[in-house]
Each structure stands twice: as structure tokens, then as C-alpha cells.
Amino acid sequence: MTKKQTPEVKLTVEDRLDIIIAHLQRMDKRDRLRTIGGFIKGVLGLIPLILMLASVWFVYVHGDELLKKIAQQAAEQAASFTQNSAGDLMQRINVMFPDGR
């Protein structure tokens with residue numbers, strides 16, 4: 001089995017230079033696209049950092065209000081739970097001791 005022999009084409013120096021220039025132009029376009037893609041990826045990578053810094057700033061400025069609101073809601077829920085539990089306990093006691101003894 002022999003390989004198919006392709007006829008060798010003799011290229012002049014100018015033809016070879018033209019081929020090299022064409023490859024360089026394609027590489028330049030690819031590198032330009034890579035640079036643009038890298039910039040966009042970098043900007044998108046900054047979004048979480050910006051969100052985190054904004055959150056830290058918001059908590060720093062409004063932290064007292066947030067803590068007051070959380071404490072108030074926790075106290076309301078505890079009071080509601082205590083009322084419900086105390087009412088159920090009193091009902092159970094009344095069932096067990098109907099005379100109050």
C-alpha cells in the first residue's frame with residue numbers, strides 16, 4: 001500500500017508570506033474575541049462582590065433597625081406561643097380536676 005502522492009507545488013517567497021499574514025490575521029481576530037470575552041467575564045465576576053459590599057453597607061447603616069424588628073417579632077411569637085400553651089394547660093387541668101381541687 002502506497003500513499004497517494006500529492007504533487008508538490010512550489011510556492012514563491014511572496015506566496016508563503018501571504019499565507020503567514022493570513023494566519024496572523026486570523027489569530028489577531030481570535031485574540032481580540034478572547035480579550036473581549038475575558039473582559040465580559042471579569043465584569044460578571046465583579047457582580048457578586050458588588051452585591052456583597054452593598055449588603056454589608058446596608059447592614060452597617062440599618063443594623064439597629066433590623067435587630068429591633070427581629071427582636072420584636074421574636075417576642076410576639078413567644079407571647080403567642082405562651083398564650084396558646086397556657087390556655088391548653090389550663091384546659092387540661094380543668095378536665096382532670098373539674099372541681100378545682
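All figures in this text were calculated on a predicted structure; none of them were measured in a lab.
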Exercise. Taking only residues at least two apart or on different chains, which pairs with a member in residues 28-59 satisfy ring-ring contact (aromatic ring centres under 6.0 Å, His included)?
Worked result: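 Only Phe58-His62 qualify under ring-ring contact (aromatic ring centres under 6.0 Å, His included).
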
Problem set entry | Same apolar cluster: Val61 and Ile70, side chain cutoff 4.5 Å |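 No, separate clusters.
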
Exercise. Between Ile40 and Leu46, is there a shared hydrophobic cluster once you connect ILVMFWY residues whose side-chain heavy atoms come closer than 4.5 Å?
Worked result: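 No, Ile40 does not connect to Leu46 through the hydrophobic network.
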
Problem set entry | CD on Gln72 to CD on Gln77, rounded to 0.5 Å | 11.0 Å

Exercise. So which of Ile50, Leu51, Leu49 actually passes side chain to side chain contact (heavy atoms under 4.5 Å, CB included) with Leu53?
Worked result: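 Answer to the side chain to side chain contact (heavy atoms under 4.5 Å, CB included) test with Leu53 among Ile50, Leu51, Leu49: Leu49.
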
Review item, side-chain donor-acceptor pairs of residues 22-34, under 3.5 Å, at least two apart:
unit_1: Asp28; atom_1: OD2; unit_2: Arg32; atom_2: NH2; d: 2.8

Exercise. If you link I, L, V, M, F, W and Y whenever their side-chain heavy atoms are under 4.5 Å apart, who else ends up in the same group as Val13?
Worked result: Leu17

